[in-house]
Amino acid sequence: MFNHLSKKGEFTVKKFLSTLLYTAAATLLFSACGMTANTVSSPVEPTVKSNEKTAVNNKALVYFSKDISPVSLIKLYDKINQDIHGKVAIKIHTGEKNGPNILPREIVMALQQHVPDSNLVETNTFYKGDRYTTAGHRETLKVNGWDFCTVDIMDEEGAVMLPVKGGKHFQEMSIAKNMLNYDSMIVLTHFKGHTMGGFGGSMKNIAIGNADGRIGKAMLHTSDPSNPWEYSQERFMENMAESAKATTDFFGKQIIYINVLRNMSVDCDCAGLAAAPPTTPDIGILASTDILAVDQASIDLVFALPDAAKHDLQERIESRRGLRQLSYMKELSMGNDQYELITIE
């Protein structure tokens, strides 16, 4: 029924050799470089050496800028891109037609043009909307302005099964076939609320977003075809985390995460024009090599807002038990919920 990894050995050798060559070059480069950063959690300004870009004092590093702009996005990307090389997938949520809250085209285009050998990637949807079929999805891409580069609808040619290591609900997950064509992935996420997940951060972006539209997304949502939205609350969060783990294990160190906290409706971009108007103010951009840290930091910044500013989004997150996304990622050893937040001006 599924296309299994018939070229797994070939791909693994290719990825190993490219990683080996890159590591040798990177070792020479990083030994000669250094950088400084200003942490918002301490009055002391620590010096962060190049070999400490991912962790310091047993904490993950999360870079932050209040400026939501192409320049800021690229600056943050350059802080965490040391393992990004080869053919690069930029995973975004393309949204339904004319969605009012999707990521600004200009900042996505700036990042894509900044990253050599990169293109945008997406998958078709489980629900019957503007992106249910590949043809409909491609029309939606044009309407929403995602036509400045190649957009790989990764399940256009089917799916493959990838292992879920340590999962209690899944031993494998059906993932869009074309994902195997990439050496690295940048997870570029519009952080916002979500009808079922409570919130959509980096984990949700790859958990649902890399699962193929017909099989993988069905596995996440239901075990009963007559009840397509069977799973909810804690079980749905756990399903998503296990699906995301299939992707993070596949890419290893060659995957990074950027959350853009703007136009944060309680609804996902899959709601399109029906999405509730945002009531949470824009916060900024967060970037990390750690998926748990970047989503935890995003939640912490939202929850630190005044009550009136955070009320609607926090209520959506808590009513859906969305914080289980974070605790289950920790149980699966997917990342670190302890982080240093470093402000980049």
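Along the sequence shown, residues are numbered consecutively beginning with 1.
Met185 is connected to Met329 through a chain of hydrophobic side-chain contacts under 4.5 Å among Ile, Leu, Val, Met, Phe, Trp and Tyr, so both are in one cluster. A continuous path of hydrophobic side-chain contacts links Val260 to Val115 [ILVMFWY only; heavy atoms under 4.5 Å].
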Evaluation steps, side-chain contact (heavy atoms from CB on, under 4.5 Å), between Leu326 and Leu323
CA-CA 5 Å; Leu326 305 174; Leu323 297 180; 4.1 Å; yes
Mind running side-chain contact (heavy atoms from CB on, under 4.5 Å) on Met179 and Val121 for me, showing each step along the way?
CA-CA 8 Å; Met179 193 182 84; Val121 301; over 6 Å; no
side-chain hydrogen bond (donor to acceptor under 3.5 Å, both in side chains) between Thr134 and Glu156, worked out:
CA-CA 6 Å; Thr134 297; Glu156 183 173 10; 5.0 Å; no
Are Val294 and Tyr339 close enough, and set up right, to give a side-chain contact (heavy atoms from CB on, under 4.5 Å), and what steps lead you there?
CA-CA 9 Å; Val294 78; Tyr339 60 89; over 6 Å; no
side-chain contact (heavy atoms from CB on, under 4.5 Å) evaluation trace for Thr189 with Ile258
CA-CA 6 Å; Thr189 303; Ile258 301 171; over 6 Å; no
In residues 307-314, what donor-acceptor pairs under 3.5 Å come from side-chain atoms, sequence neighbours left out?
residue	atom	partner	partner atom	Å
Lys310	NZ	Phe303	O	2.8
Asp312	OD2	Thr279	OG1	2.9
Gln314	NE2	Glu318	OE2	3.0

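Formation of a donor-acceptor pair under 3.5 Å by the Thr140 side chain with backbone atoms of Asp130 is found in this model. Judged by distance alone, the side chain of Ser265 and the main-chain N or O of Pro278 form no donor-acceptor pair under 3.5 Å. A distance-only check finds no donor-acceptor pair linking the side chain of Gln171 to the backbone of Val164 [under 3.5 Å]. Judged by distance alone, the side chain of Thr289 and the main-chain N or O of Ile256 form no donor-acceptor pair under 3.5 Å. Between the side chain of Thr133 and the main chain of Gly136, a donor-acceptor pair closer than 3.5 Å is present. Looking only at distances, a side-chain donor or acceptor of Asp290 sits under 3.5 Å from a matching main-chain atom of Leu292. No donor-acceptor pair under 3.5 Å is formed between the side chain of Arg214 and the backbone N or O of Phe126. A donor-acceptor contact shorter than 3.5 Å is absent between the side chain of Ser288 and the backbone of Ala293. Within the 3.5 Å criterion, the main-chain N or O of Gly213 finds a donor-acceptor partner in the side chain of Asp155. Here the side chain of Glu238 pairs no donor or acceptor atom with the backbone of Gln233 at under 3.5 angstrom.
Between Glu315 and Arg320 no salt bridge is recorded (no basic side-chain N to carboxylate O distance below 4.0 Å). Taking the charged nitrogens against the carboxylate oxygens, Lys165 and Glu242 have no contact shorter than 4.0 Å, which rules out a salt bridge. Using a cutoff of 4.0 Å between basic side-chain nitrogens and carboxylate oxygens, Glu345 and Lys66 are not scored as salt-bridged. A salt bridge links Lys59 with Glu340; the closest basic N to acidic carboxylate O contact falls under 4.0 Å.
Across all their heavy atoms, Gly197 and His194 have their closest contact at N-ND1, 2.8 Å.
The closest side-chain donor-acceptor pair between Asp152 and Asn119, if any, does not fall under 3.5 angstrom. In this structure, a donor-acceptor pair under 3.5 Å is absent between the side chains of His221 and Asn239. Looking at Ser202 and Asn259, their side chains do bring a donor and an acceptor atom within 3.5 Å of each other.
The ring-ring contact (aromatic ring centres under 6.0 Å, His included) search around Tyr231 returns none, not counting sequence neighbours. Among residues two or more places apart in sequence or in another chain, the side chain to side chain donor-acceptor pair (under 3.5 Å) test is passed with Glu96 by Tyr127, Arg131. Shown here are the ring-ring contact (aromatic ring centres under 6.0 Å, His included) partners of Phe199, two or more places apart in sequence or in another chain: Phe191. Here Thr247 pairs with Asn210 under the side chain to side chain donor-acceptor pair (under 3.5 Å) rule; sequence neighbours left out. For Asp67, the salt bridge (Lys or Arg N to Asp or Glu O under 4.0 Å) criterion is met by no residue, not counting sequence neighbours. Under the rule for a side chain to side chain donor-acceptor pair (under 3.5 Å), the partners of Ser65 that lie at least two apart in sequence or sit in another chain are Ser72. Taking the ring-ring contact (aromatic ring centres under 6.0 Å, His included) definition, one finds that His93 meets it with nothing, sequence neighbours left out. Scored by the side chain to side chain donor-acceptor pair (under 3.5 Å) test, Lys87 finds no partners at all (sequence neighbours excluded).
Pairs engaging residues 132-180 under the ring pair (Phe, Tyr, Trp, His ring centres under 6.0 Å) rule: none recorded [sequence neighbours left out]. Under the salt bridge (Lys or Arg N to Asp or Glu O under 4.0 Å) criterion, no residue pair touches residues 186-212, with sequence neighbours excluded. Residue pairs that meet the salt bridge (Lys or Arg N to Asp or Glu O under 4.0 Å) test with at least one member in residues 265-277, sequence neighbours left out, are Asp267-Arg316.
Using a 4.5 Å cut-off on side-chain heavy atoms (C-beta onward), Leu188 and Tyr257 make no contact.
The OG atom of Ser174 lies 5.5 Å from the CE atom of Met161; values are rounded to the nearest 0.5 Å. From Leu301, atom CG reaches atom OG1 of Thr280 across 12.5 Å, with rounding to the nearest 0.5 Å.
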